[in-house]
Q: 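I am attaching a structure below and will ask some questions about it afterwards.
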2 protein chains.
Amino acid sequence: MSSKEKYLGEFEQFLLLSILSLGDDAYGTTIRQLLADKIERDVTIGALYTTLERLEKKGFVESKMGEATRERGGRAKKYFKVSASGEQALKRSKQALNTMWQDVTLRGEHSCE
Amino acid sequence: MSSKEKYLGEFEQFLLLSILSLGDDAYGTTIRQLLADKIERDVTIGALYTTLERLEKKGFVESKMGEATRERGGRAKKYFKVSASGEQALKRSKQALNTMWQDVTLRGEHSCE
DNA sequence: TTATATAAACTACAATGTAGAATATATTAA
DNA sequence: TTAATATATTCTACATTGTAGTTTATATAA
């Protein structure tokens, strides 16, 4: 019982990837929007923040508060970025999945290329 | 609220992929072994069957009982195979993840090739 | 000073992940 | 023939992750 490195859940992976994609503009609303646009996954904003908070507790993301948007008022944004260990975890998950897919071909699919 | 196609959890994906890899020899012990060998994921056999059963309930795998092993006795094996809708679900999960990875590059990684 | 827009925090529950003990069933040895 | 042992599944319980919905905070404009 040594390396008890927990795997990321799938939704956690999606959030980390969203944040990486968004760069300096990753906060609740933009993340939610990206998920909807890219993979048609419509989650409530509450679902999002809950998972984001858990990721932060595990040290996979870091956050800092920004100022309220100048456009039309409102509460301050909370910007997220993926930590080094978050990237690590992401890489591990990707590799595991790649390994598992390695010698699998689905019906009506071509293995590669 | 139309297409309520649930995503597969990550562990569910691993099990489906294991079964596909194992072909005609996919049952509790071999699946568990494959997971340990390929991705160093050591799950208890109980964890495995629980998830397998849930996958079956959702129609993503099918099972049939085999005969007891001739080698040295013991209980009959339960063989699993992935259903067409299981493959579908797997494909969807893969695509979603691919899409999310699309424009992400990790530190110290080369994007492709 | 209230309406409205923007965004985050809180609360609660459902689904998935995981372990460990209990049970079933076949073979082999005494 | 029955106790020991090997192989394999089923059952029970709990932890973690996924998800929704409501509430609260805070800024601007009317």
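Lettering of chains follows the sequences in order, A, B, ..., and the numbering in each one begins at 1.
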Q: Go through the structure and list residues passing side-chain contact (heavy atoms from CB on, under 4.5 Å) with B:Glu56, not counting sequence neighbours.
A: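 Only B:Val61, B:Ser63, B:Lys78, B:Phe80 meet the side-chain contact (heavy atoms from CB on, under 4.5 Å) criterion with B:Glu56.
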
Q: Identify which nucleotide among D:dT19, D:dA8, C:dA19 has an atom closest to any side-chain atom of B:Lys77, counting heavy atoms from C-beta outward.
A: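 Of all the options, the side chain of B:Lys77 is nearest to D:dA8.
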
Q: Go through residues 9-24 of chain A and report each residue with a non-hydrogen atom lying under 4.0 Å from DNA chain D, sorted by number.
A: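 The answer is A:Gly9, A:Glu10, A:Phe11, A:Glu12.
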
Q: Which residues, ordered by chain and number, are linked to B:Tyr27 in its hydrophobic cluster, where ILVMFWY side chains connect at heavy-atom gaps below 4.5 Å, directly or through other members?
A: B:Tyr79

Q: Can you check the B:Glu56 CD to C:dT16 P distance for me, whole Å?
A: 16 Å

Q: Which whole-number value in Å describes the distance from A:Leu8 CG to C:dG17 C1'?
A: 14 Å

Q: How close or far is atom P of D:dG18 from atom CZ of A:Arg41, stated in whole angstroms?
A: 8 Å

Q: So does B:Leu48 get a backbone contact from the side chain of B:Arg32, meaning a donor-acceptor N/O pair under 3.5 Å?
A: no

Q: Could you tell me whether the side chain of A:Glu12 reaches within less than 4.5 Å of the side chain of A:Lys58, counting heavy atoms only?
A: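 The answer is yes, as the side chains (C-beta and beyond) meet within the 4.5 Å cut-off.
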
Q: Checking side chain to side chain contact (heavy atoms under 4.5 Å, CB included) for the pair B:Gln13/B:Lys94: CA distance, chi angles, key distance, verdict?
A: CA-CA 9 Å; B:Gln13 288 180 57; B:Lys94 187 188 195 182; 6.0 Å; no

Q: If you count the non-hydrogen atoms of other residues, nucleotides and ligands that lie under 6.0 Å from CD in A:Glu62, is the total more than 12?
A: yes

Q: If the condition is side-chain contact (heavy atoms from CB on, under 4.5 Å), which residues does B:Ser85 pass it with, not counting sequence neighbours?
A: B:Phe60, B:Ser83

Q: Between atom CG in B:Leu55 and atom P in C:dA15, what is the gap in whole Å?
A: 15 Å

Q: List the residues meeting salt bridge (Lys or Arg N to Asp or Glu O under 4.0 Å) with B:Lys91, not counting sequence neighbours, and say none if there are none.
A: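 B:Lys91 satisfies salt bridge (Lys or Arg N to Asp or Glu O under 4.0 Å) with no residue once adjacent residues are dropped.
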
Q: Look at all strands and tell whether A:Leu48 reaches a base, only sugar-phosphate, or nothing, counting heavy atoms closer than 4.0 Å.
A: nothing

Q: Report the nucleotide, chosen from D:dA20, D:dG18, C:dT18, that has the shortest atom-to-atom distance to any side-chain atom of B:Thr51.
A: C:dT18

Q: Rounded to whole Å, how long is the line connecting atom OH of B:Tyr7 with atom P of C:dG17?
A: 15 Å

Q: Does B:Ala84 have any side-chain contact (heavy atoms from CB on, under 4.5 Å) partners at least two apart in sequence or in another chain, and if so, which?
A: A:Arg107

Q: Within residues 27-35 of chain A, find the residues that approach DNA chain C with a heavy atom at under 4.0 Å, and present them sorted by residue number.
A: A:Tyr27, A:Gly28, A:Thr29

Q: How far apart are the closest heavy atoms of B:Ala47 and B:Phe11, and which atoms are they?
A: O-CE2, 4.1 Å

Q: The criterion is side-chain contact (heavy atoms from CB on, under 4.5 Å); which residues satisfy it with B:Thr50, sequence neighbours excluded?
A: B:Arg54

Q: With a 3.5 Å cut-off and sequence neighbours excluded, list the donor-acceptor pairs that the side chains of residues 16-24 of chain B form with protein atoms.
A:
residue: B:Ser18; atom: OG; partner: B:Phe14; partner atom: O; Å: 2.8
residue: B:Ser21; atom: OG; partner: A:Asp103; partner atom: OD1; Å: 3.1
residue: B:Ser21; atom: OG; partner: B:Leu17; partner atom: O; Å: 3.3
residue: B:Ser21; atom: OG; partner: B:Lys38; partner atom: NZ; Å: 3.4

Q: Which pairs, protein N/O on one side and nucleotides 13-15 of chain D N/O on the other, fall under 3.5 Å?
A:
none

Q: Any protein N or O atoms within reach of nucleotides 1-6 of chain D? Criterion: under 3.5 Å, listing atom names and distances.
A:
residue: D:dA6; atom: O4'; partner: B:Arg72; partner atom: NE; Å: 3.4

Q: Do A:Asp37 and A:Gln33 pair up side chain to side chain, a donor and an acceptor below 3.5 Å, judged on atom types alone?
A: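 Their side chains do contain a donor-acceptor pair, which is all the 3.5 Å distance test asks for.
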
Q: Hey, does B:Lys58 reach any base, or is it just sugar-phosphate, or nothing, if we go heavy atoms under 4.0 Å?
A: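 Sugar-phosphate, no base atom in range.
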
Q: Measure CG/B:Leu52 against P/C:dT18 and give the value in whole Å, please.
A: 14 Å

Q: Return the value, rounded to whole Å, for the distance between atom CE of A:Met65 and atom P of D:dA27.
A: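 Roughly 10 Å, once rounded to whole Å.
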
Q: For B:Arg92, give me all partners under side chain to side chain donor-acceptor pair (under 3.5 Å), at least two apart in sequence or on another chain.
A: B:Glu5

Q: To the nearest Å, how far apart are A:Ile39 CD1 and D:dG18 C1'?
A: 13 Å

